Amino acid sequence: MLTRVIGSWGNVQRVPHEALSLRSRFDPFPRLSRTATLLPFGNGRSYGDSCLNAGGSLLQMRTLSRFIRFDRHTGVIACEAGVLLGEILQLIVPAGWFLAVVPGTQFVTVGGAIANDVHGKNHHRVGAFGNHVLSFELLRSTGERIVCTPKQNTALFHATIGGLGLTGVITWAELQLQPITGPWMDVESIRVTNLAEYFDLAAQSHDEFEYVVSWIDCLASGKRAGRGVLQRANHRADDEQRREPRRGNWGVPRAVPVSFVNSITLRVANTLLYHRQHTKRLRAPKHYQEFFFPLDGIVHWNRLYGPKGFYQYQCIIPGDSAEDALRELLTAIAGSGQGSFLAVLKHCGGIGQQGLLSFPMHGVTLAVDFPNRGADLERLFRSLDAIVSAARGRLYPAKDGRMPREMFRAGYPRWLEFCQFIDPRFSSSFWRRVGKAPNA
Ligand SMILES: Cc1cc2nc3c(=O)[nH]c(=O)nc-3n(C[C@H](O)[C@H](O)[C@H](O)COP(=O)(O)OP(=O)(O)OC[C@H]3O[C@@H](n4cnc5c(N)ncnc54)[C@H](O)[C@@H]3O)c2cc1C
């Protein structure tokens, strides 16, 4: 038995697991000891404990990294579940195709993208990752292999999309891609002075622009709450050859003794980021790597938060109450002096969610990173939870390592329905914390 200490992206929890892997997608379900539970592990880009199974087994999926089929005419690709989205992009972009949905990092596996039903900057146009999954195979602990599509084994299809790895092992998946002309994007960056301006501009942008996202200064308060830079973009219609940006291979060493993110660096960085753009509007072509994955150029940037790690608080607030609730959230964050330069606002659209536990819904999502400051941070989080719950919002399991059980259940009212699809040999640290308790 191989025991390995495995952590998630936030580096708050690093725990021993029995590490298992499959050599091929045709391998049988791995042999577990009588009482052990299993969880598939993609590339560990989830921030909290949804990709961990403390004291149990993790099935490391990166060994399933083969492409199976790519039809350059229809844009349908099939690959094993451990293939990274970045590896798919390398293959498909030169052929004039793009993934319909990409999250803020390309170092995510196909299985992980399905299990969290990840969303991108274009949710208002195309929905989430699960809306573009044509089929996948699920390997259950009984050894059964079940092919799921929107029309075949439908209930299991919808439970597995956003199903947090609990319904079985996705061994391969087939995805519908979208056509593009080339790797370049037309990007417009606009400075916004407050939340009201963000809401106006976002509403104006959604019809014309496929991708809309805003970085915000989470320390700005009062009339300046919500100030930041909104970016809106489309794939460029020309295929003009431009020099591709050189991405430095910078990395952060393992032993960063303290967090680089503190109240002083945060205030300075946020002010610089806001004023970096001299004009109100800037329009420029950007390579897709630079636009979609700005942080991927710094290997292990998560280590900047030091040995105690960090949390990301990502909530979504539905519908009309969003602006008021977001103002309250930003006021509470600015008042606490905690936060980081990674604070992002995005709108999600009304395209039907595929998963019983999918996070996106019609509304606005705010994501902010916070260095782990123990009880002080948990006090702030409790006050943010109260605002999110009052506005009938919810938190994103992929980013979570601490939400209270009642908040999960209220935010995901279909959680009980979901329970019937959980494979009995599967579990996770997250699920034991927020999901069904033994006698619930
Ligand atoms: C810099 C950064 C930016 C991000 N931006 C976004 C964003 O914009 N939008 C967004 O939605 N998310 C975003 N995320 C979160 C990330 O996309 C998700 O956490 C994603 O699920 C991670 O995938 P992974 O392959 O690393 O899987 P892991 O984190 O290892 O696992 C995630 C879940 O998938 C399950 N799983 C993995 N493989 C399989 C499989 N083969 N079969 C069944 N279940 C499986 C695991 O059990 C676990 O529940 C971001 C993360 C980072 C670090």
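Quick note: residue numbers are just sequence positions, from 1. Ligands are counted one by one from 1 in listed order, and the atoms in each one are counted from 1 as well. Given the structure is predicted, the values throughout are model-derived calculations rather than measurements. Side chains are part of it too, since the values below use all heavy atoms of this structure and drop only hydrogens, waters and symmetry mates.
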**Report entry** Contact with ligand 1 for Phe430, non-hydrogen, under 4.0 angstrom
**Finding:** no

Query - Residue part near ligand 1, for Trp301, under 4.0 Å between non-hydrogen atoms - result: side chain

Query raised in the report: Counting only heavy atoms, which portion of Thr109 has something under 4.0 Å from ligand 1: side chain, backbone, both, or neither?
Result: both

Requested in this report: Please determine if Met61 has a nitrogen or oxygen closer than 3.5 Å to a nitrogen or oxygen of ligand 1.
Outcome: no

Requested in this report: Say whether Phe293 and ligand 1 are in contact under the criterion: heavy-atom distance to a ligand atom below 4.0 Å.
Outcome: no

Query raised in the report: N/O of Pro40 under 3.5 Å from N/O of ligand 1, yes or no?
Result: yes

Query raised in the report: At a 4.0 Å cut-off, with the gap strictly under it, does some heavy atom of Gly82 reach an atom of ligand 1?
Result: no

Query raised in the report: Is it true that the side chains of Thr105 and Asp296 contain a donor and an acceptor less than 3.5 Å apart?
Result: yes

Query raised in the report: For ligand 1, is any non-hydrogen atom under 4.0 Å from Lys346's backbone (N, CA, C, O), its side chain (CB onward), both, or neither?
Result: side chain

Query raised in the report: For ligand 1, is there an N or O atom under 3.5 Å from any N or O atom of Ser50?
Result: yes

Report task. Would you check whether Tyr396 reaches within less than 4.0 Å of ligand 1, judged by its heavy atoms? Result -> yes

Query raised in the report: N/O to N/O below 3.5 Å, does that happen between Gly112 and ligand 1?
Result: yes

Query raised in the report: Side chain or backbone of Asn43 under 4.0 Å from ligand 1, or both, or neither, by non-hydrogen atoms?
Result: both

